[in-house]
Amino acid sequence: MRFSKLFIPTLKEIPADATVASHVLLLRAGFLRPLAAGIYSHLPLFRRVMLKIEAIVRAEMDRIGAQEFRLPALHPAEIWKETGRWDVMGETMFRLTDRGGRSMGLGMTHEEIFTSIARGELRSWRQLPQVWYQIQTKFRDEPRPKSGVLRVREFTMKDAYSFDLDQAGLDRSFEDQRRAYGAIFRRCGLSFVAVDAHSGAMGGSASTEFMVRTDAGEDDVAACGSCGYAANVERAESRGAAAAAEPDPAARVLKKFATPGVRTIDDLAAPPYGQPAARQLKTLVYVADGQPVVAVVRGDDELNEAKLQTAAGAQLLRPARPEEISVSLGAHPGSLGGLYDPRRAGAPRLLVDASLRGLSGMVTGANEDGFHYAGVDVARELAHGAFADLRRVRTGERCARCERGKLDLFKALEIGHIFKLGTRYSAAMGARVLDPEGREVPIVMGSYGIGVERIAAAAVELHHDEDGIVWPLSIAPYQVTVVALQQQDPAVARAAEQLYDGLSAAGVEVLLDDRDERAGVKLKDADLIGIPIRIAVGKKSLAEGKVEYKPRGEPAAERIAPEEVVRRVQRALAEVSFVDALGGRRE
RNA sequence: CGGGGCGUAGCGCAGCCUGGUAGCGCGCCUGCCUUGGGCGCAGGAAGUCGGAGGUUCAAAUCCUCUCGCCCCGACCA
């Protein structure tokens, strides 16, 4: 294609409200334009990148026998009510009403829709397994769209669903997807980590997230440098910090004391109280599926809400409102504690962080405003509670899975997530088949998602420099750009045209910069847009019968004969095809 | 949802505090010049100052409301 005829609106200045690299560069280089908060138009260059990524996704899905569908984005409320997710999804789901007054929602994922097809058509174990997928626009009314294309309200997702007769079949389907995901991300030029993840509102048992390490990400990952254990901090486990030293026996005597005005852990740690945070019990009240739950962690630990949700077995979890806290515990935040009579009508369930097991001499609120207890023995006073892992791990803590490893925490961007759903959706929606013994059993399902725009954005986050984007060859909008440095010079223009024709004839995706612009402008744009291979044609090198070959990421150009260009380019492309054929592995 | 910031020409910004003819840079158009890293010179087009209401002789500027965008937070009791 000729640059002079394309719509590539590059920006010299940095857009004011872009903060992360991928956002800045995709706007500046003419790939994206915003329409509203978290809603972007894909310009021609971005469209090409998206199609490249989708092609890789399709190839790898097809390779494991998955079949492509195209399902509606507009869903009747009824089908979401069948699984209860019409309510669970809350405000995150875009909702509307049709002219007949029927409630509808815009699809944020497609478990219900695929399951409805499965229940209508799948009857026998002989039809299983089935693996179905689509690449569709998803809508999510995020509370806070941000970071350009990283967290948006309308985006493209590859979502796949597996339907198996039993758990063993699901295990195989899950493994197929795990391998396919690795191949997809490697082929897209992304280094990633697969981590244990929290299943959240999707439900189900095992789940693995595919994460790209970048500060632009919104998740925190804990990884062990020794054994390879990696988990989203939402569910990462550690051996924790060492338990606080055993206090003297006198401190085991329960004693109530006045703490007027004390509101926080810090207040109590400061004079005149001087109770170190590590000796305090932090008490938090939540509402889990409508029921109050009290969670207790050590004063210097943070509660991990995802872990609490899991421990409480809740679909929906939120912090309790102030008035709910007063009703549950009889006091206001600042004086809350786990010491209450569990037999009292309406007494909330108590969950205690497992790291507190056996500790005594602790300090906690007395559930009476302005009073705390000292000398709290967890085994004695919190006996009515259940222990569970509730605390957020911290960097440097010992790995829970191996002997000498330490956990490293870092920011990461989620680009894919695979779940073992089990029978949650099939049971709720009546998707059953007859097994070989003639019994009717619910289909065992898995669900597997990839964020397509996020792959593109992650590639930019990982591969850019101060001049612009450095696209991986596999997903670049064009593979090669031929830049005519002096378009007015007939010899230069002719040489550039010949290279363009030669490369095009060889099947290379090439962008010819034939604009009547100064060399500086063209070279700046070429760097900004990030085409992997640049062939510069100019008077100087042409005088020696040469043109300049320069991979985008390399510092220097190489002068080669024009006749060499096609061969050089093909050699670079062949390397990528070779790697692609191996599922992204360089072997 | 809580907090903060910002809406002035296509883009980036100044002007607002202290009311009085709407400005700068980039981009765009024309001409000359230049031609290997976002040239130079000259001329030009382009803005209901996000919207509504109010105060005032007079509002981009002050007041009220509203819409939009960005950032931080949304366990830390």
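Residue numbers begin at 1 in each chain, while the letters A, B, ... track the order of the sequences. This one's a predicted model, so the numbers in the text were calculated from it and none came from an experiment.
- If you take atom P in B:C69 and the same atom in B:C11, they sit 15 Å apart, rounded to whole Å.
- The partner of B:G7 is B:C67, judged by Watson-Crick or G-U wobble contacts that both fall below 3.5 Å.
- As a whole-Å value, the separation of A:Asp516 CG from B:C33 P is 15 Å.
- Atom CZ of A:Arg298 is separated from atom C1' of B:A77 by 18 Å (rounded to the nearest Å).
- B:G73 and B:A59 have their C1' atoms separated by 36 Å, given to the nearest Å.
- Within the 3.5 Å criterion, the main-chain N or O of A:Arg391 finds a donor-acceptor partner in the side chain of A:Asp353.
- In this structure, OH of A:Tyr340 is placed 15 Å from C1' of B:A77, rounded to the nearest angstrom.
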With a cut-off of 3.5 Å and sequence neighbours excluded, list every side-chain donor-acceptor pair involving residues 29-43 of chain A.
residue : atom : partner : partner atom : Å
A:Arg33 : NH1  : A:Leu27 : O            : 2.9
A:Arg33 : NH2  : A:Pro9  : O            : 2.7
A:Tyr40 : OH   : A:His23 : NE2          : 3.0

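- Distance, A:Leu281 CG to B:C76 C1': 14 Å, rounded to whole Å.
- Within 3.5 Å, a donor on the side chain of A:Glu13 pairs with an acceptor on the base of B:G25, or the reverse.
- B:C63 and B:C17 have their P atoms separated by 9 Å, given to the nearest Å.
- For B:C16, there is no paired base (Watson-Crick or G-U wobble, both distances below 3.5 Å).
- Across the P atoms, B:G7 and B:U61 are found 12 Å apart, a figure rounded to whole Å.
- The main-chain N or O of A:Ala400 is never found under 3.5 Å from a side-chain atom of A:Glu237 such that the two would form a donor-acceptor pair.
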- Message: Apply side chain to side chain donor-acceptor pair (under 3.5 Å) to residues A:Gln309 and A:Tyr286 and explain how you reach the verdict.
- Response: CA-CA 10 Å; A:Gln309 184 187 0; A:Tyr286 277 79; over 6 Å; no
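- For the pair A:Lys282 NZ and B:A77 P, the interatomic distance rounds to 7 Å; values are reported in whole Å.
- Annotation: B:C13 and B:U55 have their C1' atoms spaced 30 Å apart (nearest Å).
- Remark: the separation of the P atoms in B:C67 and B:C24 is 35 Å, to the nearest Å.
- Side-chain atoms of A:Arg153 never come within 3.5 Å of backbone atoms of A:Asp141 as a donor-acceptor pair (strictly under, hydrogens ignored).
- A tilted orientation is assigned to the rings of A:Phe257 and A:His372, their planes being inclined by 30° to 60°.
- Residue-level contact check: A:Val297 touches neither bases nor backbone, having no heavy atom under 4.0 Å from any strand.
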Could you pull out the protein-nucleic contacts involving nucleotides 67-71 of chain B (nitrogen or oxygen on both sides, under 3.5 Å)?
residue : atom : partner  : partner atom : Å
B:C69   : OP1  : A:Ala37  : N            : 2.7
B:C69   : O2'  : A:Asp17  : OD2          : 3.0
B:C71   : OP1  : A:Ser147 : N            : 3.4

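- Here the straight-line distance linking atom CG of A:Asp289 with atom CZ of A:Arg318 works out to 10.5 Å at 0.5 Å rounding.
- Judged by distance alone, with hydrogens and angles left aside, the side-chain atoms of A:Arg140 form no donor-acceptor pair with the main-chain N or O of A:Thr109 at under 3.5 Å.
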Quick one: which protein N/O atoms are closer than 3.5 Å to N/O atoms of nucleotides 35-40 of chain B? Pair and distance per line, please.
residue : atom : partner  : partner atom : Å
B:G36   : O2'  : A:Lys540 : NZ           : 3.1
B:G36   : N7   : A:Gln486 : NE2          : 3.0
B:G36   : O6   : A:Gly538 : O            : 3.3
B:G36   : O6   : A:Lys540 : N            : 3.3
B:G36   : O6   : A:Ser541 : N            : 3.1
B:G36   : O6   : A:Ser541 : OG           : 3.1
B:G36   : N1   : A:Glu548 : OE2          : 2.6
B:G36   : N2   : A:Glu548 : OE1          : 2.5
B:G36   : N2   : A:Glu548 : OE2          : 2.8
B:G37   : O6   : A:Arg534 : NH1          : 3.0
B:G37   : O6   : A:Arg534 : NH2          : 3.3
B:G37   : N1   : A:Asp527 : OD2          : 2.9
B:G37   : N2   : A:Asp527 : OD2          : 2.3
B:G38   : O2'  : A:Lys12  : NZ           : 2.8
B:G38   : O6   : A:Arg28  : NH2          : 3.0
B:G38   : N1   : A:Asp525 : OD1          : 3.1
B:G38   : N2   : A:Asp525 : OD1          : 2.9
B:G38   : N2   : A:Asp525 : OD2          : 3.3
B:C39   : N1   : A:Arg518 : NH1          : 3.4

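- Residue contacts shown for A:Ile14 are limited to sugar-phosphate atoms, with no base heavy atom under 4.0 Å away.
- Spacing of P atoms, B:G20 relative to B:C62, comes out at 11 Å, to the nearest Å.
- For the pair A:Arg349 (side chain) and A:Ala312 (backbone), a donor-acceptor distance under 3.5 Å is present.
- Between A:Arg321 atom CZ and B:C1 atom P there is a gap of 14 Å when expressed in whole angstrom units.
- On the C1' atoms, B:A60 is 12 Å away from B:G23, given to the nearest whole Å.
- Computed from coordinates, the A:Leu284 CG to B:A77 C1' distance equals 6 Å when rounded to whole Å.
- Note that CG of A:Asp300 is 11.0 Å distant from CG of A:Asp266, once rounded to the nearest 0.5 Å.
- Base-pair partner of B:A42: B:U30 (Watson-Crick or G-U wobble, both distances under 3.5 Å).
- For B:G2, the paired nucleotide is B:C72, the pair qualifying as Watson-Crick or G-U wobble because both relevant distances are below 3.5 Å.
- Listed for the A:Lys282 side chain is no donor-acceptor partner under 3.5 Å among the backbone atoms of A:Ile265.
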